[in-house]
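Here the structure comes first, spelled out in structure tokens, and everything after it is commentary.
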Amino acid sequence: MHTIRIELGPASHDARVGSGILDQLGELARDAGLKTGTCAIVTDSTVEDLYAERTADALRKGGFAPIVISIAPGESSKSVQMLELLYDRMTEAGLDRNSTVFALGGGVVGDLAGFAAATFLRGVPLVQVPTTVVAQVDSALGGKTGINHRYAKNLIGAFYQPRLIVADVTTLATLPDREFREGLAEVIKYGAIMDAPMIADLERDLDAILARRADLLEQVVARSLAHKAAVVGADERESGMRKSLNFGHTVGHAIEASAGYGSYLHGEAVAIGMVAAARLSSRYAGFSADEASRLNRLIERAGLPIAMPAGWNNPGFLRALGLDKKRFAGAIEFILLDRLGHSLARSLSVDEIVASLS
């Protein structure tokens, strides 16, 4: 089992990565200082069928008394209506301030359950139990929680740190191929912004990773989380260094919002966003054409889209881009590359971004 420490002062916590460690969840939660007794497992209906009972058994063995709250899978569940459902079920079950919320699933479950935990009784303990590549390598760590608004993704939310992250890579075996591949976009992102040797390792090992070799998955997840832990530990609230993690996300989020949540998986939209950001990097940051092509080839080889959607330059896309949370004084702080493994920020107008992508 790999242990990654996320250093955040009083909010410091561990991320555990391994094979088969879901069965140790109750013990790991208790070791993290969480109180036993009534707790909630928030999941979606797909993950519920696969892992909810196993998770509940692991918690019961650790002295917890779990209830399961299941939501519909997909981005549309990150809504005010679904948040209210969680509040209702948690209240009916008698959860108190010592009761833990276990977020079992992908990024949607993690964001929604995390926001519910942040706001229920003004905050109850949270454990992230990610079961997708995107969630294991990225969204489970960092404390970002939230729901979507019809105008923009994640427009309503809060920073709220979990008490523990438990990433069992064996749960990735049941992911549909499309969902597995989308998570690799976030892995590639880490190499692009801060670890150039990781790009070379991914080029070498990609076939085995796509075949879901457990030892390589453990390495990839642990390496990705270690990178994110270093960034979040230095900049929890995204005032500086943490903004680099948004590479590919500015255009990606605008694609998700304008195409309709669910039309593109998050990682697919980020993949397109990274290709777009590479083009902008060549224009505004001196990123070489050879390195841009190398990055694009790796993204494409991972089975991810690289082309902007047909009709992308539409009012919905422009509105979502203009509502980007990194906007300031009429410009968007856009993350670019000057070389593989090194990122920087540039203030670009919506017009400059659109002109470069057209």
Side-chain angles (χ1 to χ4, degrees), residues 107 134 137-139 141-144 152-155 159 182-196 198-199 202 224 227-257 264 266-289 291-296 298-299 304 306 308 312 317 320-357:
V134 169
V137 304
D138 183 64
S139 61
L141 191 156
K144 285 187 178 181
K153 183 180 170 75
N154 297 328
L155 197 62
F159 284 97
E182 70 141 342
L184 297 181
E186 296 288 358
V187 176
I188 293 168
K189 177 193 74 177
Y190 290 114
I193 64 172
M194 62 193 304
D195 186 357
M198 192 174 185
I199 296 293
L202 289 170
S224 298
H227 285 320
K228 187 163 186 180
V231 172
V232 170
D235 178 22
E236 181 184 3
R237 298 279 171 158
E238 202 172 39
S239 59
M241 180 182 179
R242 185 169 179 177
K243 294 176 183 177
S244 66
L245 298 175
N246 291 312
F247 179 68
H249 285 62
T250 299
V251 169
H253 282 168
I255 289 171
E256 284 186 272
Y264 283 89
H266 173 70
E268 293 171 340
V270 167
I272 298 170
M274 287 194 291
V275 173
R279 179 185 292 186
L280 285 158
S281 297
S282 295
R283 182 165 185 173
Y284 293 106
F287 191 45
S288 76
E291 287 200 312
S293 294
R294 183 181 172 193
L295 180 62
N296 294 355
L298 179 60
I299 293 169
L304 294 162
I306 60 173
M308 293 292 288
W312 64 269
F317 178 87
L321 200 59
L323 286 171
D324 187 272
K325 296 183 293 300
K326 297 167 288 299
R327 68 192 186 282
F328 180 75
I332 297 171
E333 193 166 33
F334 209 100
I335 302 303
L336 304 174
L337 305 176
D338 57 358
R339 63 184 185 275
L340 282 176
H342 189 263
S343 65
L344 47 83
R346 289 283 186 272
S347 291
L348 300 175
S349 68
V350 171
D351 289 344
E352 286 175 319
I353 295 168
V354 171
S356 294
L357 299 182

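In terms of heavy-atom proximity, Phe159 sits nearest to Lys144 at CE2-CG, 3.8 Å. Across all non-hydrogen atoms, the minimal contact from Ala278 to Ala292 is CB-CB, 4.3 Å. The two residues Ser282 and Ser288 have their closest heavy-atom pair at OG-O, 4.4 Å. Across all their heavy atoms, Phe317 and Trp312 have their closest contact at CB-O, 3.0 Å. Between Phe247 and Ala277 the shortest heavy-atom distance is CE1-CB, 3.4 Å. Between Ala185 and Gly267, the closest heavy-atom pair is CB-O, 3.3 Å.
A side-chain donor-acceptor contact under 3.5 Å links Lys228 to the backbone of Leu141. A donor-acceptor contact shorter than 3.5 Å links the side chain of Arg242 to the backbone of Glu236. At distances below 3.5 Å, at least one donor-acceptor pair connects side-chain atoms of Tyr190 with backbone N or O atoms of Val137. Counting only distance, with no hydrogens or angles, the side chain of Glu291 and the backbone of Leu340 share a donor-acceptor pair below 3.5 Å. Using modelled atom types, one side-chain atom of Asp235 and one backbone atom of Met241 make a donor-acceptor pair closer than 3.5 Å. Between the Lys189 side chain and the Leu245 main chain, a donor and an acceptor come within less than 3.5 Å of each other.
Atom CG in Leu321 sits 4.0 Å away from atom CD1 in Ile332 (nearest 0.5 Å). Residue Ile306 holds its CD1 atom at 6.0 Å from CG of Asn296, rounded to the nearest 0.5 Å. With rounding to the nearest 0.5 Å, the separation of CZ in Phe334 from CD in Glu352 is 11.0 Å. Here CG of Leu298 is found 5.5 Å from CD1 of Ile199. Values are rounded to the nearest 0.5 Å. The distance from atom CG of Leu280 to atom CD1 of Ile335, rounded to the nearest 0.5 Å, is 12.0 Å. Taking CD1 of Ile193 as the reference point, atom CG of Leu337 lies at 8.5 Å (rounded to 0.5 Å).
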Review point. Taking it one step at a time, do Glu256 and His249 satisfy side-chain hydrogen bond (donor to acceptor under 3.5 Å, both in side chains)?
Key: CA-CA 10 Å; Glu256 284 186 272; His249 285 62; over 6 Å; no

Practice item. Report the C-alpha distance between Met308 and Val251 in whole Å, list the side-chain angles of each, state the deciding distance to 0.1 Å, and finish with yes or no for side chain to side chain contact (heavy atoms under 4.5 Å, CB included). Key: CA-CA 9 Å; Met308 293 292 288; Val251 169; 4.0 Å; yes

Practice item. Could you please spell out the steps behind the side chain to side chain contact (heavy atoms under 4.5 Å, CB included) verdict for Ser224 and Met198? Key: CA-CA 10 Å; Ser224 298; Met198 192 174 185; 3.6 Å; yes

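In this structure, His266 and His253 have tilted ring planes: the angle between them lies in the 30° to 60° band.
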